[in-house]
Amino acid sequence: DAGVTQSPTHLIKTRGQHVTLRCSPISGHKSVSWYQQVLGQGPQFIFQYYEKEERGRGNFPDRFSARQFPNYSSELNVNALLLGDSALYLCASSSYREGGLQETQYFGPGTRLLVL
Amino acid sequence: ELKVEQNPLFLSMQEGKNYTIYCNYSTTSDRLYWYRQDPGKSLESLFVLLSNGAVKQEGRLMASLDTKARLSTLHITAAVHDLSATYFCAASYGKLTFGQGTILTVHP
């Protein structure tokens, strides 16, 4: 079975531009989470979506938005890019057990974004 | 708010030696993860620990969880160069909260 896939793998943008990152979860997983990893730091939680609804949001500005589609794939959008948005963006997918307990999260290969 | 602290942040080991990385978390968590990250790569899942007293081993790595102390350890036995990487622990309560990472370098 395919794991979590992300596209593109690398991206170069300039300040002020907009970017869209894509993620396809593992088949059968209905939850997708997004994380930002700046060089030299641990990943930081941005968003979680489950069944197309936002389940959680980290401490990121409104320039960051996301959505989940009926096939459970997801997009992360970042507007008005800043130099500080340069990072590895990671997507993770998981399923949920009955009773609402989230199962293990599996990470994709990431999208490396460079903002010049 | 869940906070996760790892120590040490930097670890330089000689091949063949043993060492432990510590991971403390501040509030209730439903599971504890250990990940490995090589430079420029994504996160490779090493262990998922679900319950108090859980111990898992894979090769030269062994992870344990003490939920009462809110402490997890990653023990490295007889280190080899191939283990050089950055190791992260992450505590989960819905979202994952990561520690700062431990940069491990194993040298001859």
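Since we're looking at a predicted model, the values are computed, not measured. In what follows, chains carry the letters A, B, and so on, assigned in the order in which the sequence lines appear, proteins first and then strands, with residues in each chain numbered from 1.
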For this session: With rounding to the nearest 0.5 Å, note down the distance linking OG1 in A:Thr104 to CG in B:Leu96.
Result: 9.5 Å

Exercise. How far apart are the closest heavy atoms of A:Phe45 and B:Lys95, and which atoms are they?
Worked result: CD2-CD, 3.3 Å

Exercise. Do other residues, nucleotides or ligands put more than 12 heavy atoms under 6.0 Å from the CZ atom of A:Phe69?
Worked result: yes

Exercise. Above 12 or not: heavy atoms from other molecules or residues under 6.0 Å from CD of B:Glu5?
Worked result: no

Exercise. B:Gln37 versus chain A, heavy atoms under 4.5 Å apart: side chain, backbone, both or neither?
Worked result: side chain

Problem set entry | Least distance between heavy atoms, B:Phe88 atom then A:Gln37 atom | CZ-NE2, 3.5 Å

Exercise. When you look at CZ of A:Arg15, are more than 12 heavy atoms from neighbouring residues, nucleotides or ligands closer to it than 6.0 Å?
Worked result: no

Problem set entry | A:Leu83, CG atom: more than 12 neighbouring heavy atoms under 6.0 Å | yes

Seminar exercise, completed: Bottom line for A:Tyr106: the part with an atom under 4.5 Å from chain B's heavy atoms is neither

For this session: Please answer whether the main-chain N or O of A:Gly108 pairs with a side-chain N or O of B:Ser42 as donor and acceptor at a distance below 3.5 Å.
Result: yes

For this session: Please indicate whether A:Asn59 has more than 12 foreign heavy atoms, meaning atoms of other residues, nucleotides or ligands, lying under 6.0 Å from its CG.
Result: no

For this session: Under 4.5 Å heavy-atom distance to chain B, tell me which part of A:Gln44 shows up: side chain, backbone, both or neither.
Result: neither

For this session: Mind listing the closest non-hydrogen atom pair of A:Pro43 and B:Phe98 along with its distance?
Result: O-CD1, 3.4 Å

Exercise. Below 4.5 Å, heavy atoms only, C-beta onward: do B:Tyr33 and A:Gln105 meet side chain to side chain?
Worked result: yes

Exercise. How about A:His18: does its NE2 atom have over 12 heavy atoms from other parts shown lying under 6.0 Å from it?
Worked result: yes

For this session: Please say whether more than 12 non-hydrogen atoms of neighbouring residues, nucleotides or ligands are located less than 6.0 Å from OH in B:Tyr19.
Result: no

